[in-house]
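Structure first, commentary second.
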Amino acid sequence: MSKNKLIETAINIRKRAYVPYSKFPVGAALITVSGKIYTGCNIENASYPVSCCAERVAIFKAVADGEREFKEMAVAADTARPVPPCGACRQVMSEFFKPTMTIHLTNLNSEVKTVTMEELLPFSFQQTDLPVI
Ligand SMILES: O=c1ccn([C@H]2C[C@H](O)[C@@H](CO)O2)c(=O)[nH]1
Ligand SMILES: [Zn+2]
C-alpha cells in the first residue's frame, strides 16, 4: 500500500473512534512486513485514564493477531500540526518498531511529518536495559 493510501486509511478509521469525552477522533493505520493492514482508533472510557489511543489499538490488534514485524505507520487527527503521538504510544511503538521504521504523522490539512522511530523516541527504554535474571 502506498504512503497516501495508508494515510487515507488512518483518516477513515477516525470514524470508528469512541470519543464521548474528548470529541477528538484519532486514526492509525499500520502495515506489517507480511503486507497486512491493521487500523486503530482511540477508545475512551468514563474512567478517563483507561482510554486507549489509536496507535496502541492498531499495534495491539496486530500483535494479538500474531504480527510482530512492522513496516510503516500513519496517524491522523484534526490538529493544527501533524499529530504528535503521546509518550505512552511512543514507548509501545519502540517495543515493536525498528529505529529506522517510518511513521507518517498527519492532519486533515494534508500536512505530513514523516519521522523514524528513533526520531520519535530517542534513547528509549528497551528490553536490553533490563537486568538478566
Ligand atoms: O496521538 C494521539 C493523541 C491523542 N489520542 C487520543 C487520546 C484521547 O482519546 C484523545 C485526547 O487526548 O485523543 C490518540 O489516540 N492519539
Ligand atoms: Zn497515545
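Both ligands and their constituent atoms are indexed starting at 1 by order of listing. All figures in this text were calculated on a predicted structure; none of them were measured in a lab. Below, all heavy atoms of this structure are taken into account, side chains as well, without hydrogens, waters or symmetry copies.
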Got a sec: does the CZ of Arg90 have more than 12 other heavy atoms crowding it under 6.0 Å? yes
Which residue holds the protein heavy atom closest to atom 12 (O) of ligand 1, what is that atom called, and what is the gap in Å? Phe24 CD2, 4.6 Å
Looking at ligand 1, would Pro85 count as a contact under a 4.0 Å heavy-atom criterion? yes
Decide yes or no for Met93 and Pro85: does some side-chain heavy atom of the first lie under 4.5 Å from some side-chain heavy atom of the second? yes
Hey, which of Leu120, Leu121, Thr102 is the one that makes side chain to side chain contact (heavy atoms under 4.5 Å, CB included) with Val115? Leu120
For Asp65 and Glu67, indicate whether the former's side chain and the latter's backbone hold a donor-acceptor pair under 3.5 Å. no
Quick test: of every protein heavy atom, which one is nearest to atom 8 (C) of ligand 1, and how far off is it to 0.1 Å? Glu44 OE2, 3.3 Å
Using heavy-atom distances only, which candidate in Ala88, Ser22, Pro84 approaches atom 3 (C) of ligand 1 most closely? Pro84
Assess whether side-chain hydrogen bond (donor to acceptor under 3.5 Å, both in side chains) is satisfied between Glu44 and Ser22, documenting all intermediate values. CA-CA 8 Å; Glu44 299 183 342; Ser22 73; 2.5 Å; yes
What residue and heavy atom of the protein are closest to atom 7 (C) of ligand 1, and at what distance? Cys53 SG, 3.9 Å
The Zn ion (ligand 2) - number of protein N/O/S atoms closer than 2.8 Å: 3
Protein residue, atom and distance nearest to atom 5 (N) of ligand 1, heavy-atom basis: Val26 CG2, 3.7 Å
Other residues, nucleotides, ligands: >12 heavy atoms within 6.0 Å of Lys113 NZ: no
Top protein contact for atom 15 (O) of ligand 1, by heavy-atom distance: Ala54 N, 3.0 Å
So how far is it from Arg14 CZ to Thr9 OG1, rounded to the nearest 0.5 Å? 13.5 Å
re atom 1 (O) of ligand 1, the protein heavy-atom contact at minimum distance is Glu55 OE2, 2.6 Å
Protein heavy-atom partner closest to atom 6 (C) of ligand 1 - residue, atom, separation in Å: Asn42 ND2, 3.3 Å
Any heavy-atom pair between the side chains of Val112 and Ile7 that's under 4.5 Å? yes
CZ-SG distance between Arg16 and Cys41, expressed to the nearest 0.5 angstrom: 8.0 Å
Report, as yes or no, whether the 6.0 Å neighbourhood of atom CD on Glu69 holds more than 12 heavy atoms from other residues, nucleotides or ligands. no
